[in-house]
Amino acid sequence: MSGVDVTGVAKSYGATRVLTDITQSFESGTFTSLLGPSGSGKTTLLRIVAGFVAPDEGSVRIAGADVTGVPVYARNIGMVFQSYALFPHMSVAANVGFGLGRRGIRGKAARAQVEEALEMVRLPGFGARHPKQLSGGQQQRVALARAIVIRPDVLLLDEPLSALDRRLRQEMQVELLRIQRESGLTTIFVTHDQEEALTLSDKVAILDRGRIVQMGRPAEVYERPRTKFAAEFLGDANFLTGIVRAGRVEIAGAAIATEDRLPPDGATVTLAVRPEKIAIRPADAAGSGALENSLPATVASVIYTGTALTYMLRSGDLSLKVFAQNSDGSPLAEGSAVVLSWAARHSVSVEG
Amino acid sequence: MTSLARIFLGLVLVFLYLPIVVMAAMGFNASPLYALPFDFSTHWYEELAGNGRLIEAGWNSIWLAVLTAVIATALGTLAALALWRRTFRGRAILRILLLPPIAIPWLITGTAMLVFFFWTGIGRGLHAMLIGHVALAIPYVVLVVGTGLQTLRADLEEAAMSLGSTPIHAFFRVTLPLLMPSIVGAALFAFAVSLDQFVISYFLSVPGMTTLPVEIYSAIRKGFTPEINAISTILLVASMIVILGFARFARPGGIGERS
Amino acid sequence: MPPEVGAAGLPATRRRMPPWLATAALLLPSYAWLTLAVLLPLTAMFVFSFLHATPLGNKPVVWTLEQYRAFHDQPYLLGVAWTSLAIGLWTTGICAVVGFAAALALVRATAGRTRETLLILVLLPFWTNGLVRVFSWTMVIREGGFLDVFVRWFWPSAPSLGFLYTTPAIVLGLVHGYLPYMVLTCYIALLSIDDAVIEAAQSLGARWWTVLFKILVPLAAPGLVTGAILIFVPVIGAFMEPRILGGRVGVTMGTVIEDQFTQAFNWPLGSALAFTMLAVVLAVFATFSGVLRRSAAT
Amino acid sequence: MLKLTRRRTLALMGGGLATLSGSKLLVGPARAADRITVLNWQGYGTDESWALEAFTADTGIEVVHDYFNSEAEMLTKLRTNPGVYDVVLINSARSQQAAGEDLLTPLDLSNFPNAEGLAPALRDNAYLKTDGTLYGVSWVWGMNALAIRDGMDEPESYAALAAPEYRNEVALFDDAVTMIGIGAFLSGQDMNDPQDLDKVAEQLKAMKPNVKLLWSSEDQWNKAFSAGEFDLSVYWSGAAVRSQRKFKLPLHFVVPKEGAIGWLDSLSIPATSQNPEAAQKFINYMIDPKFYVEWATKVGAPASANEKAMEELPADDLNREIHKPEYIETMTLMAPLPDDRRTAFNNLWQEVKAFYAA
């Protein structure tokens, strides 16, 4: 069963096109991240699902029912805002119980559910306090409790962790995941933090200029990016553009192998290779013949970060980046000649 | 730091009340020319008690101010919501249109109203004064409530709606309580604008139906007696008692808190 | 009758009011009222400003732009305008500093009932007649007035500190009359400031002036701007305070305009001056708010 | 009290609603047949409560007042409130203007029995007539000249206003016509039609070091004088009597050698008056010597236009001492001014004030 279905949704503000023909299913019970730079339309999409923004075209279904024309307040959603948006004039319990009251649940039943929700976010007994008396992380949990206590059909999170400091953010990521798993709510999470998206999500959707360019499991999207943008936005990538010749791609004099299907000879293609997938060795060292691709290069610079090394290299006109483990404690010197090698399956063909 | 702040507040209050104390004291000074040295007398209060015209003008002023405050605050708050919570074409112009009633000297506005009300048949009288006072107070209310709205986060209303509140429910449960300090402040201003308004009242009042400021304004010509100090003092003390009493017994958080 | 109930016990979907209609419904009462009572009459005055003479009585209607040449034909008006502008800036500036500080003190150093009571005490002087207040000031600051009496209690041979009939006297009266606006608007703006923000800044090692100028002043900016509008704009046109407290020096745009309406019965010139002044005030605020927005954005 | 206030609230609200819906109900106070409305300066004779009580007791006519703060405003009120006023006070310099705009009713002096005592020069004054028809009953007259603090030398000329011995001790009347008139006297010109305004300006600007304040109301004058703000001032003759008698202020009124600026106030009946008969009775009462004597001795008044009334004052009365009968012939009355001259006067006075302030 589908949690949320978005079909053919488009939205413009004046002449600016914010979303273009979005069609996507968010499966029931899954945690999906909408990931993209600012201006990519991810927040607009979330607000269309919530009902704060009406799409120009297309429809939105939540739990099987078409809600396109239904206002926010009749949609049964739960939402956590970037700044939490706790009602400052109400106690924590009144905040959490607010949505229950709107659903006709009051009195003892409401109190029990509020306490249960507060326990779930590990703030039992905080009901009588006021939001002002809570820390940022605690306010975050109250906002979450307020959104889940009403058992919404979908839980919408609008960059809820961005206002927290790094340590607290990591802690809350764990909490969020636990609570989502326990409650089993269909969750849509907007973020511009790729690490957060990868850590939390069942599915990641990458948005670029108003389109979803790729959606899938985090590993799938990371390992097999479909576009240059996806490869670049989620992690780092080297892009090698060349011409197809006999099932390989000719780049800087080398013929690069890939396992992806290639267009016919003569076509131009771009391959993405993740920097950590490339092995580096001095040109005069013995080769490891196991890897299909190899490319001679020169070290342009080295960035030393303790556990790892980042090499910036040049091979002909090409600039490349390689991440290497700092395993022997002596990085290769700048200007030294090296050979780069990687497996054919790590050359991923991407769209421009 | 806190005690320094309190001392500063105290000094501000001394500054604000210095002429008020002088005003009250002069109501008890025998000299009709406010001359010193001070010579205690309740003469002016006795005179006032027999001055039905001044007392009636005082009552007129109070009723006019109360009605002005109620109407202007209600209308102005609605307009502020539109001007600071909604986007629409012409918003900037509508905001600018609030300024002429404040910027154009009241004398001109009053003259303009007199002529215009004469042309349109609205005429003069308490009803005309009410129309004028409300119109003058609305810009103040809109600007004060607008300030409150600007500093009040919009996502609170969205949060309420995401939890099932209709816009109207969200307004009454979330926006209105949080906006209360601004609304109460705006109402106090609207009240003051009306209570202190002499120019427009002066043009729009009819013989025998005036307000206190009109009486005072007319009196500048000929005898601004300490009776005026007496009635001003009574008015101030009465409003102090009423409003501080109200603050005492109203539910907490009316104007002082936003949490 | 039970309310209609939609999915999951939520209110049923009714057809949404189109947004423009809701906006119009919110605006209409105020603007209809304003239009009828102020804007249309002022439009009539604006039209009058293009006439040769006041259009009452059996005067022929002659259209002219001569009233708007007043600053050219009567160059001394430029000096008067400058005086008014200076008085307006001084008054607004002093109100901004004192009012902001008082609002800050209210918000940060008091709470609950005390705060409520103090705020009301700040606003209450507003409820007394402006004219009476100004007259009271004359009694305080004139030679041999209360100020002198008070000082001579401690130092019998003190020279007179009276400064009635000077520009500072005008500014004093105006500050007294308009200060509560600034206190209230700043107070409203400062109320929304979270303790956490200030604590966070202090925990990051911010000194008090950093907190003041980087956090409190920008956050209170909407209040300062509204306060400045509510003060600067009417002060430019004020005439009671200059006339009563200024004596010989109390000649401002406000008194000149007043004279045109009362003594000279020259409404066209009076309104031309007033609308010119309005244009200048709007220009000042357009520039000022542009600068402010830019500085707030950085 | 409660009942009254509730009714007033309802009237206010009802009035607001009625106006909004375009109805003209409830506009203006109800008018009774035996009630008249007088438009005048506040505290200027017609609103003395003892006089009104006597008048109402005599005639059964109730008198209500509305006030103006400038002559221009008086004219505006007349124009924009047809039917509201029954008696209006008009300075003779403005009578022709008002009559020319058809704001006034022609008067027949035979309807005013007390008019027989009026000084002929005032009664038949040309300024009160338009095309030979009378529009105003001359009521009181007075002079604008100088007032000086007791114990100081009497100034012989208006030149004292610029004399160094009064440095920072002078108050001027904030009125264009009066001040231009003084400037005209000092430069030897006709006060009603000075040909050389530059010379007038020169004379007035020379007073700058002496000028402490510009007064615009008697009340302001009294308070400032009693506080010792100034010693020499341009002042009204009638006000000088009141200041001395009522407030015991140490001053005396001086008419310098250049003469005084005279004025004549008359009472007229607006063309739209609903009750001209009652208005006539009231005006007749106002020129009754009995009323005048009481007003002048109890309160202090300008000079009555009624010679009989002046004669009934005690011989040593301050008012009689100041308003000598010969002044009626010698003083120059303020004349009706054409619009452009009035504008020129106002602009000049505005410029002089700006010069004082700078």
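Values in this document were obtained by computation on a predicted structure and should not be read as measured data. Quick note on labels: first sequence line is chain A, next is B, and so on, each numbered from 1.
Residue B:Ile96 touches chain C through its side chain alone, counting heavy-atom pairs closer than 4.5 Å. For C:Leu104, no part lies under 4.5 angstrom from a heavy atom of chain B. Only the side chain of B:Met26 comes within contact range of chain C, judged by heavy atoms closer than 4.5 Å. Interface remark: C:Met253 contributes no atoms to any contact with chain B (heavy atom separation under 4.5 Å). Using a 4.5 Å cut-off between heavy atoms, B:Leu143 contacts chain C through both its backbone and its side chain.
For B:Ala135 against C:Leu34, the heavy-atom pair with the smallest separation is O-CD2, 3.2 Å. Summarising the geometry of B:Gly148 relative to C:Ile188, their closest heavy-atom pair is CA-CG2, 3.4 Å, with the distance given to 0.1 Å. Smallest separation of non-hydrogen atoms from B:Ile108 and C:Ser271: CD1-CA, 4.2 Å. Of all heavy-atom pairs between B:Leu16 and C:His176, the closest is O-NE2, 2.8 Å.
When atom types are taken as modelled, the side chain of C:Ser30 and the backbone of B:Leu75 share a donor-acceptor pair closer than 3.5 angstrom. Remark: the backbone N or O of C:Ala109 is paired with a side-chain donor or acceptor of B:Arg6 at under 3.5 angstrom. Formation of a donor-acceptor pair under 3.5 Å by the C:Asn129 side chain with backbone atoms of B:Asp196 is not found in this model. Between the side chain of C:Trp137 and the backbone N or O of B:Pro19 there is no donor-acceptor pair closer than 3.5 Å.
Between the OG1 atom of C:Thr23 and the CZ atom of B:Arg89 there is a distance of 13.0 Å, given to the nearest 0.5 Å. If you take OG on B:Ser232 and CG on C:Leu131, they are separated by 9.5 Å, rounding to the nearest 0.5 Å. To the nearest 0.5 angstrom, B:Leu136 atom CG is 12.0 Å from C:Trp33 atom CH2. For the atom pair OG1 of B:Thr120 and CG of C:Leu36, the computed distance is 6.5 Å after rounding to the nearest 0.5 Å. For the atom pair CG of C:Leu42 and OG1 of B:Thr109, the computed distance is 4.5 Å after rounding to the nearest 0.5 Å. Note: C:Met139 CE to B:Asn29 CG = 9.0 Å, rounded to the nearest 0.5 Å.
A heavy-atom distance below 4.5 Å is found between the side chains of C:Phe126 and B:Phe189. The shortest side-chain heavy-atom distance between B:Leu195 and C:Thr128 does not fall under the 4.5 Å cut-off. A 4.5 Å side-chain heavy-atom check between B:Leu98 and C:Tyr31 finds at least one atom pair inside the cut-off. For the pair B:Phe116 and C:Thr43, the minimum side-chain heavy-atom distance is 4.5 Å or more. Using a 4.5 Å cut-off on side-chain heavy atoms (C-beta onward), B:Phe8 and C:Val98 make contact. Put simply, the side chain of C:Pro41 does not reach to within 4.5 Å of the side chain of B:Val115, judged on heavy atoms. At a threshold of 4.5 Å between non-hydrogen side-chain atoms, the residues B:Ile104 and C:Phe275 count as touching. Side-chain atoms of C:Leu191 and B:Ser182, non-hydrogen and from C-beta on, never get closer than 4.5 Å to each other.
Contact tally against chain C (heavy-atom pairs below 4.5 Å) for B:Met113, B:His169, B:Gln197: the top residue is B:Met113. The candidate with the highest count of non-hydrogen atom pairs below 4.5 Å against chain C, out of B:Val142, B:Leu212, B:Leu235, B:Leu94, is B:Leu94. Taking chain C as the reference chain and counting heavy-atom pairs below 4.5 Å, the highest number among B:Asn229, B:Leu11, B:Leu83 is found for B:Leu83. The residue among B:Val144, B:Thr111, B:Leu236 with the most heavy atom pairs within less than 4.5 Å of chain C is B:Thr111. Of all the listed residues (C:Ala101, C:Gly223, C:Gly145), the one sharing the greatest number of non-hydrogen pairs under 4.5 Å with chain B is C:Ala101. Options C:Leu28, C:Val281, C:Leu230 differ in how many heavy-atom pairs under 4.5 Å they form with chain B, and the most are formed by C:Leu230.
Ring orientation note: the planes of C:Tyr181 and B:Tyr140 are close to parallel, at an angle under 30° on the 30°/60° scale.
Taking the side chain to side chain contact (heavy atoms under 4.5 Å, CB included) definition, one finds that C:Ala105 meets it with B:Ala5, B:Leu9, sequence neighbours left out. Legend: residues meeting side chain to side chain contact (heavy atoms under 4.5 Å, CB included) with B:Val237, ordered by chain and number and at least two apart, are B:Thr233, B:Ile241.
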Apply side-chain contact (heavy atoms from CB on, under 4.5 Å) to residues B:Phe15 and C:Leu172 and explain how you reach the verdict.
CA-CA 10 Å; B:Phe15 168 69; C:Leu172 173 87; 3.6 Å; yes

Might you work through the side-chain contact (heavy atoms from CB on, under 4.5 Å) test for C:Leu124 and B:Tyr17, ending with a clear yes or no?
CA-CA 9 Å; C:Leu124 262 182; B:Tyr17 279 87; 3.5 Å; yes

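Aromatic ring centres of C:Trp127 and B:Phe191: separated by under 6.0 Å.
Looking at C:Thr226 and B:Thr147, their side chains do bring a donor and an acceptor atom within 3.5 Å of each other.
Checking C:Leu121, C:Leu179, C:Val183 one by one against B:Val12, the side chain to side chain contact (heavy atoms under 4.5 Å, CB included) holds for a single residue, C:Leu179.
Within 6.0 Å of CZ on C:Phe150 lie no more than 12 heavy atoms contributed by other residues, nucleotides or ligands.
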